[in-house]
Amino acid sequence: MAHEHDTASSDEVYDFAAIQRKWQPVWEELRPFRSGDPADKRPRKYILDMFPYPSGDLHMGHAEAYALGDVIARYWRQQGFNVMHPIGWDSFGLPAENAAIKRGIDPRGWTYDNIDQQKRSMKLYAASFDWDRELHTSDPEYYKWNQWLFLQMYKKGLAYRKDSWVNWDPVDQTVLANEQVLPDGTSERSGAVVVKKKLTQWYLRITDYADRLLDDLNQLEGRWPSKVLSMQRNWIGRSIGADVEFEIEGRDERVTVFTTRPDTLWGATFMVVAPDSDLAAELAAGSTDAVQERFADYLAEVQKSTEMERQSTDRPKTGIDLGRVAINPVTGERMPVWAADYVLADYGHGAVMAVPAHDQRDLDFARAFDLPIRVVVDVNAPVTGVIPVIGLDENGDPILPDEPDPLDPARTGVALAGEGRLMNSGPLDGLSKANAIKKVVELLEADGRGRAARNYRLRDWLISRQRYWGTPIPIIHGADGTEHPVPEDQLPVLLPDAAGLDLKPKGTSPLGAADAWVNVPNPVDGSPARRDADTMDTFVDSSWYWLRFLNPNDDEKAFDPREAEKWAPVDQYVGGVTHAILHLLYARFITKVLFDLGYLSFTEPFTALLNQGMVQMDGSAMSKSKGNLVRLSDQLEQHGVDAVRLTMAFAGPPEDDIDWADVSPVGSAKFLARAWRVAKDVTSSPDVQWKTGDPALRRVTHRFLADAPGLIEAFKFNVVVARLMELVNATRKAIDSGPGPADAAVREAAEVTAMALNLFAPYTAEDMWARLGYPPSVALAQWRKADSTLLIEETVVAVVQVDGKVRDRLEISPTIAADQLEDLARASAAVQRAVGDRGIVNVVVRAPRIVSISTRG
RNA sequence: GCCCCCGUAGCCCAACCGGCAGAGGCAGGCGACUUAAAAUCGCUUCAGUCAGGGUUCGAAUCCCUGCGGGGGCACCA
């Protein structure tokens, strides 16, 4: 009893652990996924998975992403392509630094230890990566080129420093992210009231590219998820309108405001400036002492409020009168100038013309402070000319709304944002909105008081981080405040050793305390100077890593434009929707910059994008605190790599979230065992003639071969798996109760199953392939061509509908002529019964599928 | 407030250009094998497509309205 399984091979059972142990070293030896052979003549495909941040070990989210990306990479390899499918590590960033601070260790060691662990897991997971191209963004060999890129942008004026307001914790002496500030305005760490502080920060001028970033999204239509496209469009947030200049009494320079409704200029009754803008400070300074005092108090109040408070829309309006006067450029009216925090300093010009009758925010403000409201658009007379009436009088004439106008915004508190005819607007009277905008822009331009303009929600990209574990910014500051780029031949500016540095956040970079590192001679005259101590946002690293994969070990240049010509842009990018905005926007921006600099011949980095959903448990995101964490390592141990991967692919459309409670890795494992047994049961040898095989099973096999490629290319992986199950079921039936295990069609089906299963379950597929008599690797087996003669059915069933109901089914030839089919349908007894004596009025024939007969007109 | 996506068996999901609502799985039921159970194998129940209206010979599919769920942006002038 004890040793039966050692001797009788037919008793062998599917043992995923043994199969994994068997094939992993074989692949390690064979390295079937290398893509760097210059003599390789196959056409190329660049399939890229978003590279991971190395924190701890792989989790379920990684498992899903890499399972799906691998289906695509393996598929194109089987279609005869030289597939580049690289992997690397996004290994700079805060988690490493926080862990280092907590445990008093070096972030470098923590990071590279994690990478070791994750790399082992990744290899077990058997994603078909080309490990020859592995890179780490925290290696000097990588971040040197971040610095190079920064310098190229600096030279072009695309990298610059400016002062900006940041959240400042006065107790911890540190900058806080918005997320670290609690809704009551205190620090989540120290409990201190957070204030705004002006700091000098590095920015990249992404707003210069706003139009291109927006307009080029059109090229990606249909190839990127529409959700991502709309998120990017929202984020860039282009508004079309006009800049209008207002004179200010007692000030030489005019104040410019941006508005999307220049047509309502006659209705502008006051001006509002952002309290935290330079303009507000200057206007206040030119006012009375009382105003200056009130302004100082108000500004302090505003700066105490958090981003979250400030952006909540249902907050009562606050503000103060600055005691200054603006002149409406078209009416010549004197308008008060207010400071209020509903106007943002960093959008437009930090000042607005308030048109309370037609803008809800301005109306709320006007009603709160008793400012004048003037209606200049008659929404009762919209462009269509239809005037809503209350009723008809005894003569049948329309009764118009009584005075006062029931829509009067001053009374209703509802701004009239709709379209209508202009009124109270001098030369604009009677015009529609579109024509009025055109006209007023012409008038302003002629007068030199305004022009058409556009604005963006998008802000410049703040890349300074006052932290240690990132790319040092390659700038040297002279004692006199001058900036000097580090000469390119002196790159990289290496991160100093963390030993001896206090990495705790304190508002200035820990690098500033590395005396030996930070103090350098001025490159111009050798006088004492200091290195810039900030490090770069890690989104800089990930904005171009896909180019570094082309030749990750090149120490002459960031990437090779000739290789980029061959491989780039990325044919298929795969990753989570969490990066739908920032990472993708930054990568698109850097691509356009590199195009402008002449390094690239294309302007979009990722031709196609697939977003996988998230893995959840019991309806919500997995987390330790919720107690619904599913550990990938446990799943792999219980069900095996292949079952987990297959489950990820089979769970549903890739972009949908997977609830692990809804799916069945046990079911996947059962299916894999079933497929594996089919291969084990095949008794014929590899040299059988396919043609001799059972035609029914062959038809199932070849329908699968014909349909699967289209399904894969449409990312319908779940459907392909279902079709594979169908194929395995049919093969099982053929073995047990059909032509038997020696039939050529059974072998053919088993081989096709192994070949296709390689996409989802590479270990099982490889073992099946070996049992069927072939050397590794099945991953290199080419996709079999479907035999088209087997796809044609001998007979098909046509349905006959009478008045939309199916009344008969006819077994016919697929090539039947329409009139012949109609005759058959008319002759059907069931159809005649259904038609009865009503008579046929119409017949629609779609041979060979359907005949539709109607009996009523 | 503005914009987008999705509602199909108990559950996860299929359904081509508008043409028989079901490919596959989970769960359930019955049976075979077994002393029994597990595993395996076979058979099998289950919806008329969220609701209402429209277009059409014909609608899960296209259009409109509503309900429900999810997402993005939001004091952005």
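All chains are named by letter (A, B, ...) in the order of the sequence lines, taking the proteins before the strands, and each is independently numbered beginning at 1. All values reported here derive from a predicted model rather than from experimental measurement.
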Pair partner, G1(B) [Watson-Crick or wobble, under 3.5 Å]: C73(B)
Span that lies between the P atom of C4(B) and that of A9(B), in whole angstrom: 27 Å
Spacing between D659(A) atom CG and C26(B) atom C1', to the nearest angstrom: 13 Å
Closest listed nucleotide, where the reference is the side chain of V352(A) and the choices are A77(B), G19(B), A15(B): A77(B)
Upstream residue (5' side of RNA chain B) when S668(A) and V851(A) are each assigned their closest nucleotide: V851(A)
Touch class at under 4.0 angstrom, heavy-atom based, for N455(A) against every strand present: nothing
Whole-Å distance separating the CE atom of M614(A) from the C1' atom of G70(B): 11 Å
Exam field: side chain R723(A) to backbone A708(A), donor-acceptor pair closer than 3.5 Å: no
Touch class at under 4.0 angstrom, heavy-atom based, for R238(A) against every strand present: nothing
Aromatic ring proximity Y586(A)/W461(A), centre distance under 6.0 Å: yes
P-based separation of U61(B) from C50(B) [nearest Å]: 8 Å
Gap in Å between the two P atoms, one belonging to G68(B) and one to G25(B), rounded: 36 Å
Nearest-angstrom distance, P atom, C3(B) to C46(B): 44 Å
Rounded distance in Å between the P positions of A59(B) and G70(B): 32 Å
Residue D662(A), side-chain heavy atoms: nucleotide from C11(B), U40(B), C57(B) that is nearest: C11(B)
G71(B): syn or anti, per glycosidic angle within 90° of 0: anti
Residue mapping more 5' on RNA chain B - nearest nucleotide basis, R723(A) or K227(A): R723(A)
Check ion pair D808(A)-R833(A) (N to O, under 4.0 angstrom): no
Which nucleotide in G25(B), A77(B), C41(B) has an atom nearest any side-chain atom of M725(A): G25(B)
V831(A) vs V802(A) side-chain heavy atoms within contact, under 4.5 Å: yes
G42(B): pairing nucleotide in any strand, Watson-Crick or G-U under 3.5 angstrom: C30(B)
N or O in side chain of K733(A) less than 4.0 angstrom from C43(B) OP1/OP2: yes
Of the listed nucleotides C57(B), G19(B), A77(B), the one nearest the side chain of S854(A): C57(B)
Nearest listed nucleotide, side chain of S664(A), among C26(B), C57(B), A14(B): C26(B)
Phosphate OP1/OP2 of C41(B) contacted by R677(A) side-chain N/O (<4.0 Å): yes
Base-pairing mate for A14(B) - Watson-Crick or G-U, with both contacts under 3.5 Å: none
side-chain N/O N718(A) vs A23(B) OP1/OP2, d < 4.0 Å: no
C57(B): syn or anti, per glycosidic angle within 90° of 0: anti
Side chain of N234(A) (C-beta onward), nearest among C13(B), G72(B), A15(B): G72(B)
Distance in angstrom units between Q801(A) CD and G18(B) C1', rounded: 11 Å
S239(A) and N455(A): side chain donor to acceptor below 3.5 Å: no
Distance-only donor-acceptor test, S852(A) side-chain atoms vs C57(B) base atoms, 3.5 Å: yes
Separation between the C1' atoms of C6(B) and G58(B), rounded to whole Å: 26 Å
Minimum heavy-atom distance between V615(A) and E64(A), given as atom pair plus value: CG2-OE1, 3.5 Å
Salt-bridge criterion met for D681(A) and R677(A) (N-O under 4.0 Å): no
Atom-to-atom span, NZ of K680(A) to C1' of U40(B) - whole angstrom: 11 Å
Identified pairing partner of G52(B), criterion: Watson-Crick or G-U wobble below 3.5 Å: C64(B)
Sugar-phosphate only, base, or nothing, as touched by T259(A) at under 4.0 Å among non-hydrogen atoms: sugar-phosphate
Candidate nucleotides C73(B), A77(B), A14(B), ranked by approach to the side chain of W235(A) - the nearest: C73(B)
Neighbour count above 12 (heavy atom, 6.0 Å) for R849(A) CZ: no
Sugar-phosphate, base or nothing in reach of R674(A), heavy atoms under 4.0 Å: sugar-phosphate
Candidates A77(B), A23(B), C43(B) - which lies nearest the side chain of E726(A): A23(B)
Residue T260(A), side-chain atoms from C-beta onward, closest of G25(B), A77(B), A23(B): A77(B)
Distance below 4.0 Å between K716(A) side-chain N/O and C13(B) OP1 or OP2: no
Sugar-phosphate only, base, or nothing, as touched by I658(A) at under 4.0 Å among non-hydrogen atoms: nothing
Shortest side-chain distance from M231(A), nucleotide among A77(B), C26(B), G72(B): G72(B)
Nearest-Å distance for atom pair CG/P, residues L584(A) and G72(B): 15 Å
G-U wobble or Watson-Crick pairing nucleotide for G19(B) (cut-off 3.5 Å, both distances): C57(B)
Span that lies between the C1' atom of U8(B) and that of A23(B), in whole angstrom: 14 Å
Euclidean distance for C1', U56(B) against G24(B) (whole angstrom): 33 Å
Gap between atoms CD1 and P, on I850(A) and U56(B) respectively (whole Å): 18 Å
Plane angle bin for F717(A) and F715(A) - parallel if under 30°, tilted between 30 and 60°, otherwise perpendicular: perpendicular
Value in whole Å for how far the P atom of A14(B) lies from CZ of F717(A): 13 Å
Spacing of D359(A) atom CG relative to C75(B) atom C1', expressed in whole Å: 9 Å
